[in-house]
2 protein chains.
Amino acid sequence: MANERLTRQTVAECALRLADSEGLEAVTIRRLAQELGVSPMAPYWHFKNKDELLLGMTDHALAPLPPIGEATDGWQRQLRGMIETVIGIMREHPSLAALLQNIDAKKAASFARATNDTLELLARAGLGLQESYWVAMQLLQGITGLIATRPEHHASVTPEQAAESRRQARLTMEALSPCEYPMVVAYARTLEEEPDPERYYAFGVDLIMGGIEAIAARYGTASP
Amino acid sequence: MANERLTRQTVAECALRLADSEGLEAVTIRRLAQELGVSPMAPYWHFKNKDELLLGMTDHALAPLPPIGEATDGWQRQLRGMIETVIGIMREHPSLAALLQNIDAKKAASFARATNDTLELLARAGLGLQESYWVAMQLLQGITGLIATRPEHHASVTPEQAAESRRQARLTMEALSPCEYPMVVAYARTLEEEPDPERYYAFGVDLIMGGIEAIAARYGTASP
DNA sequence: ACCTGAACACCGTTCAAGT
DNA sequence: ACCTGAACACCGTTCAAGT
């Protein structure tokens with residue numbers, strides 16, 4: 001719209017907004033340029049290729065993630081807080097999960113920072129470096145999976161879109177043979193009623209934290 | 001090569017082999033046709049579009065997954081066995097993880113079967129239908145993440161390729177500022193020596209199972 | 001420094017046509 | 001029933017050129 005000069009910031013921001021509202025597959029260099037009211041090649045001055053752009057979008061989304069605070073709490077509480085914050089950011093940016101799966105995440109500075117903080121917490125849990133890294137990656141995958149399976153699926157902002165995608169999921173599963181897949185068909189029926197997102201996310205966090213605490217008790221050397 | 005008649009089977013098989021050896025992004029309708037020695041439009045007779053092809057590839061890869069056996073063991077042992085089997089299949093088919101992230105998995109019959117079996121096991125663990133489904137999806141995501149982060153990264157078949165991709169990962173992380181990201185840089189150095197894949201996967205399975213057992217103890221109604 | 005325009009080598013997919 | 005060929009509307013990216 002505005003005919004201002006472009007910035008790395010504004011380009012990344014616009015691309016992220018586009019991804020959040022229409023899905024990551026809508027983010028095309030040409031479509032982005034159109035959205036910015038600029039020629040198709042303009043974005044290339046700010047990002048040398050599409051991968052760099054995706055990294056920029058990720059950094060822009062993850063920027064508000066606060067650094068890990070002082071060690072006043074136990075590592076469990078701090079880690080749980082961090083997980084909840086990331087979930088919050090992913091709920092604000094529905095495309096972030098897909099983004100993290102389509103880039104080499106360790107090349108994003110904001111992601112490296114989050115990883116570093118997580119490694120620090122897990123060291124306090126008594127885990128070794130390798131184990132900590134493996135746990136940190138599983139952690140991210142867990143959060144991503146939580147978002148991907150979420151009841152308010154897709155880049156759907158409006159309740160109507162959310163209800164529609166839930167209906168689609170239900171129809172897909174109900175189309176299956178009830179004698180071959182009885183449990184799946186039974187689950188599909190639970191999708192008829194509106195889900196409670198908060199209950200869903202709380203359960204997900206418990207699931208992720210449960211795995212980490214079990215592994216810390218087994219492989220770690222620190223006291224709880 | 002051979003000028004035989006095409007089959008849905010052979011097309012899916014060829015596409016999967018291509019994906020496993022050169023990555024999912026190499027699987028293009030046109031490239032696939034070339035590989036089959038056939039005109040670019042030929043695959044369309046067997047799969048109505050690319051999404052259907054990806055589903056077919058997934059079903060082909062997941063076909064050898066055995067159905068859940070009789071309930072002679074406890075649900076924990078059976079579930080652990082299933083996870084290990086899926087990991088085995090994913091290690092044989094390096095593209096399967098990416099495949100599952102790029103399709104609507106519930107539309108793949110083989111995936112629905114695996115989901116159904118998992119739901120049955122989790123019901124025996126005393127979890128409700130919704131909770132079971134959430135756990136099942138987290139389970140898959142966890143396995144997928146395990147494969148994605150694995151030491152023998154990428155579609156690398158040869159040890160040289162594996163060593164090279166590990167080296168690339170190390171260089172990316174070592175390029176980071178050591179005072180800003182001390183833990184990440186420290187972890188990068190552990191990548192210098194050859195990893196032990198079995199130790200890695202065993203740890204991963206413990207991590208995933210730990211979460212499930214913790215949640216079963218907390219939300220379930222069955223005795224262990 | 002920042003952006004445009006034309007061009008290249010790719011995509012997925014439709015549709016009419018061949019055997 | 002199974003496959004081909006031409007055509008369409010897209011991609012990402014390079015490169016020379018404009019201001």
Side-chain angles (χ1 to χ4, degrees), chain A residues 1-60 95 98-99 101-104 107-108 155, chain B residues 1-60 95 98-99 101-104 107-108 155:
Chain A
M1 280 287 156
N3 251 2
E4 302 284 325
R5 204 59 151 308
L6 289 187
T7 318
R8 245 183 102 90
Q9 277 287 325
T10 59
V11 174
E13 194 182 330
C14 181
L16 185 61
R17 195 173 43 236
L18 179 58
D20 283 337
S21 57
E22 300 189 29
L24 190 56
E25 66 280 2
V27 177
T28 259
I29 299 281
R30 295 166 124 103
R31 171 71 194 278
L32 174 61
Q34 188 181 319
E35 217 71 24
L36 288 161
V38 97
S39 107
M41 295 304 104
Y44 277 100
W45 204 90
H46 302 275
F47 295 95
K48 80 176 215 284
N49 56 38
K50 192 173 177 179
D51 275 344
E52 294 282 324
L53 173 67
L54 297 178
L55 282 175
M57 292 165 67
T58 304
D59 277 333
H60 193 261
S95 68
L99 220 30
Q101 300 198 7
N102 282 280
I103 62 172
D104 195 354
K107 288 181 179 164
Chain B
M1 281 284 157
N3 250 2
E4 302 284 325
R5 204 58 152 308
L6 290 186
T7 320
R8 243 183 102 90
Q9 277 287 324
T10 60
V11 175
E13 195 182 330
C14 180
L16 184 61
R17 196 172 43 237
L18 179 57
D20 283 338
S21 58
E22 300 189 29
L24 189 56
E25 66 280 3
V27 177
T28 258
I29 299 282
R30 296 166 123 105
R31 170 72 194 276
L32 174 60
Q34 188 182 317
E35 217 71 24
L36 288 161
V38 95
S39 106
M41 295 304 103
Y44 277 101
W45 204 92
H46 303 275
F47 295 95
K48 80 175 214 284
N49 56 38
K50 193 173 176 181
D51 276 343
E52 295 282 326
L53 172 67
L54 296 179
L55 282 175
M57 293 165 67
T58 303
D59 277 334
H60 192 261
S95 67
L99 220 30
Q101 299 199 7
N102 282 280
I103 63 173
D104 195 354
K107 288 181 179 164

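Values below: every heavy atom of this structure, side chains too, minus hydrogens, waters and symmetry copies. This one's a predicted model, so the numbers in the text were calculated from it and none came from an experiment.
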Would you say the side chain of B:Met57 lies within less than 4.5 Å of the side chain of B:Val27, judging by non-hydrogen atoms?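 B:Val27 reaches B:Met57 side chain to side chain.
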DNA chain D: 5'-proximal contact among A:Lys48 and B:Trp45 (nearest heavy atom): B:Trp45
OG1 of B:Thr28 to CG of B:Leu18: how many Å apart, nearest 0.5 Å? 8.5 Å
Rounded to the nearest 0.5 Å, what separation is found between the CG atom of B:Leu55 and the NZ atom of B:Lys50? 13.0 Å
Give the intermediate values and the outcome of side-chain contact (heavy atoms from CB on, under 4.5 Å) for residues B:Leu16 and B:Glu13. CA-CA 5 Å; B:Leu16 184 61; B:Glu13 195 182 330; 5.8 Å; no
Answer yes or no: is there a donor N or O on one side and an acceptor on the other, between the side chain of A:Arg30 and the main chain of A:Pro40, under 3.5 Å? no
When you look at NZ of B:Lys107, are more than 12 heavy atoms from neighbouring residues, nucleotides or ligands closer to it than 6.0 Å?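 Not more than 12 within 6.0 Å, no.
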Are any of the side-chain nitrogens in B:Glu22 or B:Arg31 under 4.0 Å away from the carboxylate oxygens of its partner?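 B:Arg31 and B:Glu22: salt-bridged.
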For a 4.0 angstrom threshold against heavy atoms of chain A, report the outermost contacting nucleotides of DNA chain C in 5' to 3' order.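 Span of nucleotides near chain A: C:dA1 to C:dA7.
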At their closest point, which heavy atom of [X] faces which heavy atom of [Y], and how far apart are they?
X	Y	answer
B:Ala42	B:Leu6	CB-CD1, 4.2 Å
A:Tyr44	A:Ile29	CE1-CG2, 3.6 Å
A:Leu54	A:Asn102	CD1-O, 4.4 Å

So which of residues 25-33 of chain A are in contact with DNA chain D, with a heavy-atom cut-off of under 4.0 Å?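 Within this stretch, A:Thr28, A:Ile29, A:Arg30 sit under 4.0 Å of the strand.
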Under the rule of Watson-Crick or G-U wobble with both distances under 3.5 Å, where | means paired to another strand and [ ] a crossing pair, DNA chain D maps to ||.|||||...|||||.||
